[in-house]
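Step one of this worksheet: look at the structure below.
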Number of protein chains: 2
Amino acid sequence: MNNIYHLTRKQQQLLDFIIENQDRFPQPPTLDELCFAMGLKSRGSLHKHIQELINAGYIEALNRKQRGVRLTAQYLEQNVSLAEPEQQGTPFVGAIAAGTPIEALENICYMNVPDEIKTDKPCYILQVKGDSMIDDGIFEGDWVIIEQQSHARNGQIVVALIDKTDATLKYIEQYPHETVLVPANKNMSPMRFHPQQVEIQGVLVGQMRSYK
Amino acid sequence: MNNIYHLTRKQQQLLDFIIENQDRFPQPPTLDELCFAMGLKSRGSLHKHIQELINAGYIEALNRKQRGVRLTAQYLEQNVSLAEPEQQGTPFVGAIAAGTPIEALENICYMNVPDEIKTDKPCYILQVKGDSMIDDGIFEGDWVIIEQQSHARNGQIVVALIDKTDATLKYIEQYPHETVLVPANKNMSPMRFHPQQVEIQGVLVGQMRSYK
DNA sequence: AATACTTGTTCTCTTTCTGTTCTTGATATA
DNA sequence: TATATCAAGAACAGAAAGAGAACAAGTATT
């Protein structure tokens with residue numbers, strides 16, 4: 001599978017198509033099916049491309065076997081290794097303040113957050129406005145890393161959306177008949193809501209601050 | 001790829017364009033596509049420039065093959081190696097506590113700290129023991145990112161080595177006849193030293209914490 | 001097992017696309 | 001003025017791509 005083998009446009013296009021649609025076919029497609037799917041009228045034309053992809057090592061030789069168009073094992077390996085380092089980082093989506101909805105950034109940017117302060121699951125970053133969590137060492141301007149999830153355990157710090165309008169970062173205590181959001185600020189009081197009023201948008205997993 | 005070939009303005013411009021827009025083309029662009037993208041009307045004009053870039057070693061020779069304009073493998077390598085100088089991350093070297101020297105880790109590990117909480121200059125990471133900076137939101141177990149330097153401005157938070165034995169993280173105030181290290185903890189008092197006793201090992205530029 | 005059907009393979013022919021070369025003229029640069 | 005740089009366009013040759021026919025090997029049906 002040396003890359004001295006340069007694919008032509010159509011060959012690349014065909015390869016992309018096969019890769020993207022490999023799940024769509026319960027079994028590997030016939031040439032005719034592939035033709036139809038790609039808008040070609042002649043198997044012969046397609047076959048030439050297939051042959052080149054075989055030579056290039058992307059798909060297995062089909063040797064007259066029917067429904068033989070399948071990607072090479074080697075290629076699949078190579079492909080996952082290529083696909084992995086696509087991590088562009090954790091999205092920094094906006095600012096969160098007590099009492100107002102999340103201010104979304106017009107253009108999301110991505111930060112390279114170390115694994116130590118995030119999780120394997122989808123995370124996003126918010127910048128903190130206000131000082132409702134100041135006693136816990138979360139200050140105005142800090143970034144918080146939030147794991148996206150819709151439930152939480154009591155005592156966790158969560159991003160909570162209240163009445164579908166106001167987002168806030170608070171400790172959460174959930175009881176059958178009420179949900180309490182507790183700030184970490186001795187000048188502020190816990191807020192009590194009906195459980196239906198509060199929607200959890202994520203759980204705090206990390207925090208960071210710049211002193212520059 | 002010797003630079004004895006000095007590129008003309010237009011050639012350089014073309015090269016820059018290709019480099020910047022290589023993601024925009026799903027496949028290497030044809031001369032026509034490049035013409036259109038650059039606002040030219042004639043392939044012939046473009047071709048001469050391409051030819052020079054080939055001679056200069058930036059672009060693969062296309063030898064009548066219709067596989068479009070693609071950058072040389074050598075050039076790409078050289079380019080990424082220039083752009084990303086093997087950043088293995090910021091070294092996490094140990095823990096810092098008030099009153100004892102830095103506990104060095106036996107094997108240093110590296111973290112991928114985002115640019116937002118470090119600087120361009122050499123930085124390292126310490127884990128905080130104790131609560132001498134608790135009023136400033138730096139808690140036990142937090143990581144602090146330190147820019148390595150031997151001087152600081154008054155009011156900055158520094159890693160200070162006292163009498164060449166004890167390292168500590170404190171605010172610093174330097175006067176001609178004494179240096180004061182101020183904790184951010186209302187239960188602790190500022191400590192006063194002769195300037196010779198205190199050696200600055202770095203300045204705080206960032207902090208991060210895990211809630212996992 | 002014999003049959004018809006499906007599907008992969010090979011071939012030729014044709015059309016379209018794309019890199020290459022030239023010539024001409026315009027504009028800048030020394 | 002002389003020179004280098006650049007753009008435009010025409011013309012050409014080779015490459016890429018598609019259509020279709022004919023064949024052969026596999027698969028399904030009876």
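Order of the sequence lines sets the chain letters (A, B, ...), proteins ahead of strands, with each chain counted from 1. This is a predicted model, so every value here is computed, not measured.
Rounded to an integer number of Å, the gap from A/N55 CG to C/dT9 C1' is 14 Å. Atom-to-atom, CD of B/E33 to P of C/dG19 comes out at 9 Å; the value is rounded to the nearest Å. Rounded to an integer number of Å, the gap from CD of B/Q27 to P of D/dA17 is 9 Å. For B/L34 and C/dG19, the CG to C1' distance is 13 Å, given to the nearest whole Å. Between B/L40 atom CG and D/dG9 atom C1' the separation is 13 Å, expressed in whole Å. Rounded to whole Å, the distance from NZ on B/K65 to C1' on D/dA13 is 14 Å. In this entry the distance linking CD of A/Q11 with C1' of D/dA17 reads 10 Å, nearest Å. The CZ-C1' distance, from A/F36 to D/dG18, rounds to 17 Å in whole Å.
Across all non-hydrogen atoms, the minimal contact from A/R209 to B/D136 is NH1-O, 3.1 Å.
Judged by distance alone, with hydrogens and angles left aside, the side-chain atoms of A/Q12 form no donor-acceptor pair with the main-chain N or O of A/R9 at under 3.5 Å. Although no hydrogens or angles enter the test, the distance criterion places a donor-acceptor pair under 3.5 Å between the side chain of A/T72 and the main chain of A/G57. Between the B/Q197 side chain and the B/I162 main chain, no donor and acceptor come within less than 3.5 Å of each other. A/D142 places a side-chain N or O within 3.5 Å of a backbone atom of A/F139 that can act as its donor or acceptor partner.
No contact: A/L46 has no heavy atom under 4.0 Å from any strand. Across all strands shown, A/I50 has no heavy atoms under 4.0 Å from either base or sugar-phosphate atoms.
Nearest-nucleotide mapping onto DNA chain C: of A/P29 and B/D32, the residue sitting toward the 5' end is A/P29. Nearest-nucleotide positions on DNA chain D for A/G39 and B/K10 put B/K10 closer to the 5' end. In terms of position along DNA chain C, the nucleotide closest to A/T30 lies nearer the 5' end than the nucleotide closest to the other residue of the pair A/T30 and B/R43. Remark on DNA chain D: of its neighbouring residues B/S42 and B/K48, the 5'-side contact belongs to B/K48, judged by nearest-heavy-atom nucleotide.
For A/R67, the side-chain atoms get nearest to C/dT7 when compared with the rest of C/dT7, D/dA19, D/dA17. Looking at the side chain of B/R9, the nearest of the listed nucleotides C/dT7, D/dC6, D/dA19 is D/dC6. Taking only side-chain atoms of B/Q66, from C-beta outward, the nucleotide of D/dC6, D/dG14, C/dT9 with the closest atom is D/dG14. Comparing C/dG8, D/dG18, C/dG19 by their nearest atom to the side chain of B/H47 picks out C/dG19. Side-chain proximity of B/T8 to the nucleotides D/dT5, C/dG8, D/dA7 is greatest for D/dT5. Nearest nucleotide to the side chain of B/L62, out of D/dA8, C/dT20, C/dT18: C/dT20. Taking every side-chain heavy atom of B/Q51 into account, C/dT20 is the closest of C/dT20, D/dG9, C/dT9.
Residue side chain A/R64 does not reach the base of D/dG26 through any donor-acceptor N/O pair under 3.5 Å, judged by distance alone.
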